[in-house]
Amino acid sequence: PGSVSHISNGRFYLARLADGGFLALYQRCTHLGCNVPWDQAQGSFTCPCHNSQFTTEGEVLNPPAPRPLDLFPVTILDGQVIVDTSQPLQRRRFEPSQVVYA
């Protein structure tokens with residue numbers, strides 16, 4: 001819990017929230033599509049193009065990004081985390097219902 005792992009071949013970060021829930025966050029900024037790295041020291045995602053910042057849940061901390069990071073659907077099957085990367089899901093804000101628990 002409380003970790004963020006970059007899954008480079010999947011184009012996403014797997015965030016394990018402090019409460020143990022999972023989010024699969026698309027690595028692209030919602031401003032202009034730059035790849036957004038996780039900054040462990042700051043505990044946030046910071047876009048290198050225009051300095052948009054996002055929380056562990058993908059919420060916008062610092063614009064110009066207009067909305068949170070997109071999500072990929074997560075399922076837990078037989079104790080394994082499965083992420084469907086076929087289509088990112090756009091959202092307007094973080095909702096607790098977006099978090100998946102084992």
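No experiment lies behind these values; they were computed from the predicted model shown. For the single chain, residues carry numbers from 1 onward in sequence order.
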Heavy-atom pair of closest approach, residues Pro68 and Arg91: CD-O, 3.6 Å
From Ser3 atom OG to Gln40 atom CD, the distance as rounded to the nearest 0.5 Å: 8.5 Å
Validation row: Ile76, Gln80 side chains within 4.5 angstrom (heavy atoms): no
Cluster overlap Leu77 with Val100, hydrophobic side-chain contacts below 4.5 Å: no
Phe12 vs Thr85 side-chain heavy atoms within contact, under 4.5 Å: yes
Distance-minimising heavy-atom pair for Gln42 and Thr46: OE1-OG1, 3.4 Å
Where Pro66 and Thr30 come nearest, the two heavy atoms and their spacing: CD-O, 3.3 Å
Within-4.5 Å side-chain heavy-atom neighbours: Phe94 and Val99: yes
Pairwise distance OG(Ser8) to NE2(His6) - rounded to 0.5 angstrom: 5.5 Å
Within-4.5 Å side-chain heavy-atom neighbours: Phe54 and Leu61: no
Check: Glu95 and Arg93 side chains under 4.5 Å, non-hydrogen atoms: yes
Ring centers of Tyr26, Phe72 separated by less than 6.0 Å: yes
Salt bridge (Lys or Arg N to Asp or Glu O under 4.0 Å) contacts in which one or both residues fall within residues 62-84, not counting sequence neighbours: Arg67-Asp70
Ring centers of Phe45, Trp38 separated by less than 6.0 Å: yes
Closest non-hydrogen atom pair, Pro1 against Arg16: CA-CG, 3.5 Å
Same apolar cluster (I L V M F W Y, side chains within < 4.5 Å links), Leu25/Phe22: no
Side chain to side chain, Leu71 and Pro88, heavy atoms closer than 4.5 Å: no
Shortest non-hydrogen contact between Ala65 and His31, atoms and distance: CA-CB, 3.9 Å
Polar side-chain atom of Glu57 near backbone of Leu17 as donor-acceptor pair, under 3.5 Å: no
Heavy-atom check, side chain of Leu14 versus side chain of Val4, under 4.5 Å: no
Any donor-acceptor N/O pair, Tyr13 side chain to Thr56 backbone, under 3.5 Å: no
Distance in Å, Leu69 CG paired with Arg28 CZ, rounded so as to fall on 0.5 Å steps: 11.5 Å
Heavy-atom side-chain proximity of Val36 to Cys29 below 4.5 angstrom: yes
Closest non-hydrogen atom pair, Asn35 against Pro37: O-CD, 3.5 Å
